[in-house]
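Working notes for the structure below.
Values reported hereafter were calculated over all heavy atoms of this structure, with side chains retained and with hydrogens, waters and symmetry mates removed.
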Amino acid sequence: MAKSVLAEKSLQFAIRVVNCVKYLQGERKEYVMSKQMLRSGTSIGANIHEAIYAQSKADFSSKLSISLKEASETSYWLTILKETEYLSVEAYHSMKTDVDEIIRIIIASLKTTRKE
(Lines give C-alpha, C1' and ligand atoms only; values in the text may rest on other atoms or scores of the structure.)
Protein backbone atom coordinates (compact mmCIF):
# COMPACT_ATOMS: atom_id res chain seq x y z
CA MET A 1 0.00 0.00 0.00
CA ALA A 2 2.70 2.50 0.95
CA LYS A 3 4.47 1.74 -2.33
CA SER A 4 1.41 2.63 -4.37
CA VAL A 5 0.86 5.81 -2.35
CA LEU A 6 4.50 6.72 -2.93
CA ALA A 7 4.22 5.93 -6.64
CA GLU A 8 1.13 8.14 -6.97
CA LYS A 9 2.65 11.02 -4.97
CA SER A 10 5.85 10.88 -7.02
CA LEU A 11 3.85 10.84 -10.28
CA GLN A 12 1.81 13.87 -9.22
CA PHE A 13 4.98 15.63 -8.12
CA ALA A 14 6.65 14.91 -11.48
CA ILE A 15 3.67 16.50 -13.23
CA ARG A 16 4.05 19.57 -11.01
CA VAL A 17 7.75 19.72 -11.85
CA VAL A 18 7.05 19.54 -15.59
CA ASN A 19 4.48 22.32 -15.31
CA CYS A 20 6.84 24.41 -13.19
CA VAL A 21 9.61 23.99 -15.76
CA LYS A 22 7.23 25.01 -18.56
CA TYR A 23 6.52 28.19 -16.58
CA LEU A 24 10.18 28.85 -15.77
CA GLN A 25 11.30 28.39 -19.37
CA GLY A 26 8.30 30.10 -20.99
CA GLU A 27 7.67 33.02 -18.67
CA ARG A 28 10.90 33.52 -16.78
CA LYS A 29 13.32 32.43 -19.55
CA GLU A 30 15.28 30.28 -17.11
CA TYR A 31 16.71 27.18 -18.77
CA VAL A 32 19.71 25.82 -16.86
CA MET A 33 18.43 25.27 -13.32
CA SER A 34 14.96 24.33 -14.50
CA LYS A 35 16.38 21.63 -16.77
CA GLN A 36 18.33 20.20 -13.83
CA MET A 37 15.18 20.22 -11.70
CA LEU A 38 13.24 18.55 -14.53
CA ARG A 39 15.76 15.71 -14.64
CA SER A 40 15.91 15.13 -10.89
CA GLY A 41 12.22 15.81 -10.21
CA THR A 42 10.96 13.32 -12.79
CA SER A 43 13.62 10.76 -11.90
CA ILE A 44 12.17 10.38 -8.40
CA GLY A 45 9.03 8.67 -9.66
CA ALA A 46 10.78 6.78 -12.43
CA ASN A 47 13.01 5.06 -9.89
CA ILE A 48 10.12 4.44 -7.51
CA HIS A 49 8.19 2.77 -10.31
CA GLU A 50 11.24 0.66 -11.13
CA ALA A 51 11.50 -0.31 -7.45
CA ILE A 52 7.95 -1.65 -7.46
CA TYR A 53 9.08 -4.34 -9.91
CA ALA A 54 12.50 -4.88 -8.39
CA GLN A 55 14.10 -8.29 -8.76
CA SER A 56 15.24 -8.46 -5.14
CA LYS A 57 15.20 -6.57 -1.84
CA ALA A 58 18.64 -5.21 -2.68
CA ASP A 59 17.39 -3.96 -6.07
CA PHE A 60 14.31 -2.42 -4.40
CA SER A 61 16.47 -0.69 -1.81
CA SER A 62 18.88 0.55 -4.47
CA LYS A 63 16.10 2.09 -6.58
CA LEU A 64 14.54 3.76 -3.55
CA SER A 65 17.96 5.10 -2.52
CA ILE A 66 18.37 6.64 -5.97
CA SER A 67 14.90 8.18 -5.62
CA LEU A 68 15.92 9.65 -2.28
CA LYS A 69 19.02 11.24 -3.82
CA GLU A 70 16.97 12.65 -6.69
CA ALA A 71 14.40 14.07 -4.28
CA SER A 72 17.16 15.72 -2.28
CA GLU A 73 18.62 17.21 -5.45
CA THR A 74 15.19 18.49 -6.49
CA SER A 75 14.81 20.17 -3.11
CA TYR A 76 18.17 21.86 -3.70
CA TRP A 77 17.11 23.22 -7.11
CA LEU A 78 13.82 24.47 -5.67
CA THR A 79 15.74 26.38 -3.00
CA ILE A 80 18.07 27.97 -5.54
CA LEU A 81 15.15 28.92 -7.79
CA LYS A 82 13.43 30.57 -4.82
CA GLU A 83 16.55 32.35 -3.60
CA THR A 84 17.22 33.74 -7.09
CA GLU A 85 13.57 34.83 -7.31
CA TYR A 86 12.69 32.68 -10.29
CA LEU A 87 10.10 30.94 -8.08
CA SER A 88 7.73 32.77 -5.77
CA VAL A 89 7.90 31.95 -2.08
CA GLU A 90 4.40 30.46 -2.32
CA ALA A 91 5.27 28.17 -5.25
CA TYR A 92 8.48 27.15 -3.50
CA HIS A 93 6.74 26.25 -0.23
CA SER A 94 4.05 24.28 -2.01
CA MET A 95 6.52 22.19 -4.03
CA LYS A 96 8.98 21.91 -1.13
CA THR A 97 6.23 20.52 1.09
CA ASP A 98 5.46 17.88 -1.54
CA VAL A 99 9.07 16.81 -2.05
CA ASP A 100 9.69 16.75 1.72
CA GLU A 101 6.71 14.41 2.14
CA ILE A 102 8.07 12.13 -0.59
CA ILE A 103 11.47 12.14 1.12
CA ARG A 104 9.89 11.13 4.46
CA ILE A 105 7.97 8.27 2.83
CA ILE A 106 11.06 7.01 0.99
CA ILE A 107 13.12 7.08 4.20
CA ALA A 108 10.40 5.17 6.07
CA SER A 109 10.20 2.60 3.25
CA LEU A 110 13.96 2.15 3.25
CA LYS A 111 14.01 1.66 7.03
CA THR A 112 11.27 -0.95 6.78
CA THR A 113 13.01 -2.76 3.93
CA ARG A 114 16.33 -2.87 5.76
CA LYS A 115 14.70 -4.31 8.90
CA GLU A 116 13.15 -7.23 7.01
Side-chain angles (χ1 to χ4, degrees):
M1 172 119 165
K3 287 182 241 176
S4 63
V5 169
L6 182 56
E8 182 58 30
K9 286 185 180 296
S10 64
L11 174 64
Q12 292 307 312
F13 183 72
I15 292 166
R16 288 194 73 192
V17 167
V18 169
N19 288 327
C20 181
V21 169
K22 284 199 269 186
Y23 163 77
L24 289 168
Q25 292 182 355
E27 300 293 319
R28 304 301 303 263
K29 306 300 181 207
E30 196 300 305
Y31 302 98
V32 177
M33 293 178 288
S34 60
K35 189 171 184 178
Q36 290 294 115
M37 186 175 73
L38 179 65
R39 288 179 180 162
S40 63
T42 56
S43 180
I44 299 165
N47 281 288
I48 288 167
H49 278 78
E50 282 188 50
I52 291 170
Y53 296 101
Q55 296 173 344
S56 65
K57 276 189 191 178
D59 188 30
F60 178 81
S61 183
S62 174
K63 296 297 185 204
L64 279 189
S65 294
I66 293 168
S67 291
L68 181 58
K69 290 180 194 179
E70 297 293 345
S72 177
E73 180 181 342
T74 302
S75 178
Y76 173 80
W77 290 119
L78 284 169
T79 301
I80 290 179
L81 287 162
K82 176 193 64 116
E83 293 298 322
T84 55
E85 299 179 357
Y86 281 105
L87 273 184
S88 69
V89 173
E90 295 80 18
Y92 164 79
H93 283 298
S94 177
M95 292 187 74
K96 182 79 165 86
T97 298
D98 286 352
V99 77
D100 286 348
E101 180 180 14
I102 290 169
I103 287 170
R104 284 191 301 275
I105 296 169
I106 293 170
I107 289 170
S109 295
L110 283 168
K111 285 180 181 177
T112 300
T113 301
R114 290 175 182 155
K115 285 180 184 176
E116 295 175 354

Quick one: pull up [atom1] in [X] and [atom2] in [Y] and give me the separation to the nearest 0.5 Å.
X	Y	atom1	atom2	answer
E30	E85	CD	CD	13.5 Å
E73	R39	CD	CZ	9.5 Å
R114	T112	CZ	OG1	10.5 Å
L78	S40	CG	OG	8.0 Å

Closest approach of [X] to [Y] (non-hydrogen atoms, all atoms of both residues):
X	Y	value
N47	S67	CB-OG, 3.1 Å
A71	V99	O-CG2, 3.6 Å
I44	F13	CD1-CE2, 4.0 Å
A54	F60	CB-N, 3.3 Å
H49	A7	CE1-O, 3.5 Å
S72	I103	N-CD1, 4.2 Å

R104: what forms a salt bridge (Lys or Arg N to Asp or Glu O under 4.0 Å) with it, not counting sequence neighbours?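 Salt bridge (Lys or Arg N to Asp or Glu O under 4.0 Å) list for R104, sorted by chain: empty.
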Can you sort out the partners of D59 under salt bridge (Lys or Arg N to Asp or Glu O under 4.0 Å), two or more places apart, ordered by chain and number?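 Scan of D59 (salt bridge (Lys or Arg N to Asp or Glu O under 4.0 Å), adjacent residues dropped) gives none.
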Within the side chain of [X], is there an N or O that forms a donor-acceptor pair under 3.5 Å with the backbone of [Y]?
X	Y	value
S94	E90	no
S34	Q25	no
S62	A58	no
T42	L38	yes
T74	E70	yes

Other than I15, which residues form its hydrophobic cluster under the rule that side-chain heavy atoms must be closer than 4.5 Å?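 Reading the cluster by chain and number, I15 sits alongside L11.
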Is the shortest side-chain heavy-atom distance between L68 and L64 below 4.5 Å?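 No - every pair of side-chain heavy atoms lies 4.5 Å or more apart.
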Taking the side chain as every heavy atom from C-beta outward, state whether Y76 and M37 have any pair of such atoms under 4.5 Å apart.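 Of all side-chain heavy-atom pairs linking M37 with Y76, none is under 4.5 Å.
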How would you list, by chain and number, every residue that makes a side chain to side chain donor-acceptor pair (under 3.5 Å) with [X], sequence neighbours excluded?
X	answer
K35	none
T113	none
K9	E101

Tell me if the OH atom of Y31 is crowded by more than 12 foreign heavy atoms within 6.0 Å.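 Counting other residues, nucleotides and ligands, OH of Y31 exceeds 12 neighbours.
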Y92 with V21, same ILVMFWY side-chain cluster at under 4.5 Å: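 Yes.
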When hydrophobic residues are tied together by side-chain contacts of less than 4.5 Å, even through go-betweens, does I66 share a cluster with I48?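 They do not share one cluster, since no chain of ILVMFWY contacts under 4.5 Å joins I66 to I48.
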